Amino acid sequence: MSDNEQQQRDQQRGPRLSGNLRGIPAYKPGKPAQGAEGAPAYKLSSNENPYPPLPGVLEAAVAAAADFNRYPDMGCAGLTAELAARFGVPESHIATGTGSVGVAQQLVQATAGPGDEVLYAWRSFEAYPIIVQVNGATSVQVPLTADGGHDLDAMLAAVTGRTRLILVCNPNNPTGTVVHRAELERFLDAVPADVLVVLDEAYNEFVRDAEVPDGIELYRDRPNVCVLRTFSKAYGLAGLRVGFAVAHEPVAAALRQTAVPFGVSQIAQDAAVASLRSEKALLERVEALVGERARVVAGLLAQGWAPAETQANFVWLSLGERTMDFAAACAEAGVIVRPFAGEGVRVTIGETEANDLFLETAALFRKSL
């Protein structure tokens with residue numbers, strides 16, 4: 001083959017991309033709300049906080065924006081110190097990243113590669129299979145129980161010599177179900193010590209079930225337990241992308257090694273610090289959302305629905321083949337929900353008006369069946 005022919009062939013073929021990308025599932029963000037002309041529309045398809053920034057947060061973010069010609073503090077020193085003090089852990093046990101999903105991806109990079117397995121319940125957070133496959137590892141998905149919860153016994157039975165990482169989403173996204181303390185402790189005690197267990201607690205602030213443990217308490221005497229938290233949900237900083245992990249030093253150090261340099265902006269860092277210092281207002285807003293959650297669940301039950309028991313800032317309806325029809329009916333009414341075709345819909349708890357419109361739409365849909 002001549003040099004010219006080789007050059008033409010190379011141009012036609014293009015660059016060789018990683019085989020890990022073949023067939024990778026696409027992350028589906030919540031669709032924006034688009035109502036009929038003049039009609040209100042609400043986006044309940046993403047697990048966002050409907051409230052504006054907490055007191056002092058916008059001011060901190062604006063002040064930080066004045067210096068965005070400079071790189072942020074790569075070590076997130078101020079935020080790390082604030083988090084360490086807030087949770088009573090050493091600063092060396094804190095690692096930050098671009099939302100809890102960014103930190104989760106770093107965890108996969110730090111623990112698993114080709115030939116290794118990452119174990120998690122399914123259905124769970126839809127980013128899990130993406131971040132596992134991108135890194136060349138193998139997903140082991142263990143079906144949820146009939147009521148949408150983690151089957152920890154089945155997950156334990158699925159552990160093999162190739163298992164490097166286990167993800168436990170508590171509360172689980174998208175079902176909102178939880179794992180209780182006794183069963184989780186039994187599970188953690190039975191997992192091999194060289195397997196890292198990640199407790200993904202993105203919705204921790206919304207939990208009101210006293211039997212659900214705080215993962216940070218479980219991590220303290222378990223070197224193979226890591227806890228993920230985020231500022232995207234209760235704190236309302238979804239657009240700034242800042243999350244963190246609490247883990248023993250070897251794991252936290254590995255997370256810092258795999259972090260994208262300067263990934264967390266100074267705006268995000270300063271806003272997160274200000275959010276932590278506005279705890280009274282945070283608790284008031286979270287309590288209001290929990291109250292709305294209870295009202296929405298009660299409304300659905302009164303209509304004859306059977307929502308999964310939720311401890312998150314959303315509700316889950318198992319709809320099977322009716323899922324897409326229900327989502328379409330909601331969209332036509334001006335409320336966007338998150339459908340999982342053939343399974344069900346996740347509906348975020350939003351402002352009162354949005355929740356009212358969702359309940360009205362759900363009632364009409366049920367009457368049409």
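Since this is a predicted model, take the numbers as computed values, not measurements. Basis for what follows: all heavy atoms, side chains included, without hydrogens, waters or symmetry-related copies.
The minimum heavy-atom distance linking L357 with A333 is given by the pair CD2-O, 3.4 Å. When every heavy atom of V101 is checked against every heavy atom of A127, the shortest pair comes out as CG2-CB, 3.7 Å. Between R181 and A210, the closest heavy-atom pair is NH1-O, 3.5 Å. Counting all heavy atoms, side chain and backbone alike, A234 lies closest to V286 at CB-CG2, 3.8 Å. The minimum heavy-atom distance linking L359 with Q303 is given by the pair O-NE2, 3.0 Å. For the pair K233 and A202, the tightest heavy-atom approach, listed with the atom from each and the gap, is CG-O, 3.4 Å.
Tracing side-chain contacts under 4.5 Å through hydrophobic residues (I, L, V, M, F, W, Y), one never reaches V315 starting from L144; they form parts of separate clusters. Cluster annotation: V290 and V347 are assigned to the same hydrophobic cluster (Ile/Leu/Val/Met/Phe/Trp/Tyr, side-chain heavy-atom contacts under 4.5 Å, transitive). Hydrophobic clustering (ILVMFWY, side-chain heavy atoms < 4.5 Å, transitive): F262 and L255 are in distinct clusters. By the rule that hydrophobic residues join a cluster once side-chain heavy atoms approach within less than 4.5 Å of another member, V140 and V179 end up as members of one cluster. Note on F206: it clusters hydrophobically with V227, by side-chain heavy-atom contacts below 4.5 Å among ILVMFWY residues.
In this structure, the side chain of R256 engages the main chain of I94 through a donor-acceptor pair within 3.5 Å. When atom types are taken as modelled, the side chain of Q106 and the backbone of G97 share no donor-acceptor pair closer than 3.5 angstrom. Listed for the N355 side chain is a donor-acceptor partner under 3.5 Å among the backbone atoms of G350. Looking only at distances, no side-chain donor or acceptor of S278 sits under 3.5 Å from a matching main-chain atom of A274. No donor-acceptor pair under 3.5 Å is formed between the side chain of S139 and the backbone N or O of Q141. Using modelled atom types, one side-chain atom of R164 and one backbone atom of G161 make a donor-acceptor pair closer than 3.5 Å. A donor-acceptor contact shorter than 3.5 Å links the side chain of Q269 to the backbone of V264. Of the possible donor and acceptor atoms, one in the side chain of R285 sits under 3.5 Å from a partner among the backbone N and O of P52. Between the side chain of N204 and the backbone N or O of L228, no donor-acceptor pair lies under 3.5 Å.
By the 4.5 Å heavy-atom criterion applied to side chains, L188 and L184 are counted as neighbours. Side-chain contact between E205 and Y235 is present, with at least one heavy-atom pair separated by less than 4.5 Å. Looking at E185 and L218, their side chains come closer than 4.5 Å, going by heavy atoms from C-beta outward. A heavy-atom distance below 4.5 Å is found between the side chains of R295 and T352. At a threshold of 4.5 Å between non-hydrogen side-chain atoms, the residues E48 and T348 do not count as touching. Between R208 and E287, the closest side-chain pair of non-hydrogen atoms falls below 4.5 Å. The closest side-chain heavy-atom distance from T177 to W316 is not below 4.5 Å. For the pair F358/L300, a side-chain contact is recorded, criterion being any heavy-atom separation below 4.5 Å from C-beta on.
To the nearest 0.5 angstrom, I131 atom CD1 is 6.5 Å from L167 atom CG. Separating the CG atom in D147 from the OG1 atom in T175 is a distance of 8.5 Å, to the nearest 0.5 Å. Going from atom CD of Q257 over to atom CD of Q109 covers 11.5 Å, rounded to the nearest 0.5 Å.
Residues forming a side chain to side chain donor-acceptor pair (under 3.5 Å) with T323 (at least two apart in sequence, or on another chain): none. Residues passing the side chain to side chain contact (heavy atoms under 4.5 Å, CB included) test with P250, sequence neighbours excluded: H248.
The closest side-chain donor-acceptor pair between H180 and D209 falls under 3.5 angstrom. Between D200 and Y120, the side chains place no donor N or O within less than 3.5 Å of an acceptor N or O (distance only, hydrogens not considered). Remark: the N173 side chain and the R346 side chain contain an N/O donor-acceptor pair separated by less than 3.5 Å. T145 and D151 are not linked by any side-chain donor-acceptor pair at a separation below 3.5 angstrom, with hydrogens and angles left out of the test.
Residue R229 is tested with V246, I216, V103 for a side-chain contact (heavy atoms from CB on, under 4.5 Å); the sole match is I216.
Using a 30° and 60° split on the angle between ring planes, H93 and Y219 fall in the perpendicular class, above 60°. F365 and F326 have perpendicular rings, their planes meeting at more than 60° on a 0 to 90° scale where under 30° would count as parallel.
The number of heavy-atom neighbours closer than 6.0 Å to CD of E309, taken from other residues, nucleotides and ligands shown, is 12 or below. Other residues, nucleotides and ligands contribute at most 12 non-hydrogen atoms within 6.0 Å of the CZ atom of R162.
Taking the six-membered ring for Trp, F314 and Y203 have ring centres closer than 6.0 Å.
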